[in-house]
Amino acid sequence: MLIAGNWKMFRGPDPVALAGLDAVVCPPFTRLRECVEAGLTTYAQNVHWEAEGAYTGEISAPLLLELGVVGSLVGHSERRQYFGETDETVAKRARAALDAGLRVIACVGETQEQREAGETEDVLRRQLSMLEPHSELVLAYEPVWAIGTGHTATPEMAQDAHAFIKSLLDAPVLYGGSVKPDNAGALLAQPAVDGALVGGASLEVDSFKAICETAARIPS
Ligand code: 13P
């Protein structure tokens, strides 16, 4: 069971208050070092496919590794929605990061419109088609309509989507989208749910710890 906290472009909690927690944190770039120094399993929120070069505003796997960062998210829906990330660029980022020795959480998920049009499986199939299995690759199913909205997928919806994803690519699958202490138990109890990618509830020490404690109680 893997619990990861994506702090997005928020400052986030004091890393020292999270010391010893069995979880991944994905802080903004400015707090990566602090998280590493607090002994946390620290991931970046994005990583470029080149090792170095004239790519203003990007960060590379070797630069992250040098800092003690051990992994990165790629393909978050906010990157796809606001920053032109495509299935191709997500796959390039994932491949380069894995080759360089970073662990990767690659995010997939459909929008509300796509779900209502019955396109969920087509969207997931397309998003996954460029990704290759790797021992350090984890997927995150984050339905866009559930992110930051309080509208969590039901445990059954998560289970169905995760089982479909696993039928296409053999990897652990985290659920993300309005995971809170009060719904984490039911979501994490689903057999195809291997953990959670937590946004808002990872910004508070108490709620993030509560989700981690719930996860620890679920037999693997
Ligand atoms: P929320 O938990 O705030 O809905 O965010 C989910 C998410 O996008 C994590 O990457």
Side-chain angles (χ1 to χ4, degrees), residues 1-13 18 21 23-29 31-32 35 40-47 59 69-83 85 89-90 93-94 97 102-112 114-115 120 123-124 127-128 131 137-155 157-158 161-162 165 171-188 190 193-215:
M1 197 60 61
L2 174 66
I3 304 298
N6 175 12
W7 299 1
K8 309 193 178 186
M9 202 174 71
F10 294 99
R11 190 158 194 283
L18 299 174
L21 205 61
V24 163
V25 292
C26 313
F29 289 127
R31 300 201 85 190
L32 286 171
C35 288
L40 304 179
T41 306
T42 307
Y43 283 30
Q45 295 176 13
N46 202 9
V47 58
I59 191 78
V69 172
V70 295
S72 183
L73 303 179
V74 300
H76 192 280
S77 66
E78 288 147 17
R79 301 294 319 165
R80 297 175 188 262
Q81 202 176 343
Y82 305 127
F83 303 103
E85 202 77 68
T89 56
V90 172
R93 291 178 193 274
L102 284 174
R103 302 173 212 160
V104 166
I105 299 174
C107 307
V108 296
E110 80 289 357
T111 63
Q112 176 81 38
Q114 290 164 334
R115 175 163 281 268
T120 300
V123 170
L124 295 175
Q127 291 176 335
L128 291 165
L131 295 170
L137 174 65
V138 167
L139 302 171
Y141 171 60
E142 296 207 308
V144 178
W145 48 270
I147 296 176
T149 59
H151 300 302
T152 321
T154 63
M157 282 158 92
H162 284 220
I165 289 168
V173 184
L174 314 182
Y175 170 78
S178 296
V179 176
K180 307 289 176 203
D182 62 356
N183 61 25
L187 288 160
L188 294 172
Q190 298 299 313
V193 176
D194 302 305
L197 181 53
V198 184
S202 74
L203 298 175
E204 301 291 336
V205 172
D206 288 352
S207 51
F208 192 52
K209 277 191 173 172
I211 292 169
C212 293
E213 281 160 15
T214 299

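Computed from a predicted structure; not experimentally measured. Counting convention: from 1, in listed order, for ligands and their atoms alike.
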J.: Just verifying a value: how many Å separate Phe83 CZ and Thr89 OG1, rounded to the nearest 0.5 Å?
T.: 13.0 Å
J.: With a 4.5 Å cut-off on side-chain heavy atoms, are Ser207 and Lys180 touching?
T.: no
J.: What is the distance from atom CG of Leu32 to atom CD1 of Ile59, rounded to the nearest 0.5 Å?
T.: 8.0 Å
J.: If we only count heavy atoms from C-beta on, is the Arg80 to Val108 side-chain gap below 4.5 Å?
T.: yes
J.: Exactly which residues line ligand 1, taking a heavy atom under 4.0 Å from it as the test?
T.: Asn6, Lys8, His76, Glu142, Ala146, Ile147, Gly148, Gly177, Ser178, Leu197, Gly199, Gly200
J.: Using the salt bridge (charged side-chain N to carboxylate O under 4.0 Å, His left out) rule, collect all pairs that involve residues 138-154, keeping only residues at least two apart or in two chains.
T.: none
J.: Given 3.5 Å as the limit, does a donor-acceptor pair link the side chain of Thr152 with the main chain of Ser178, or not?
T.: yes
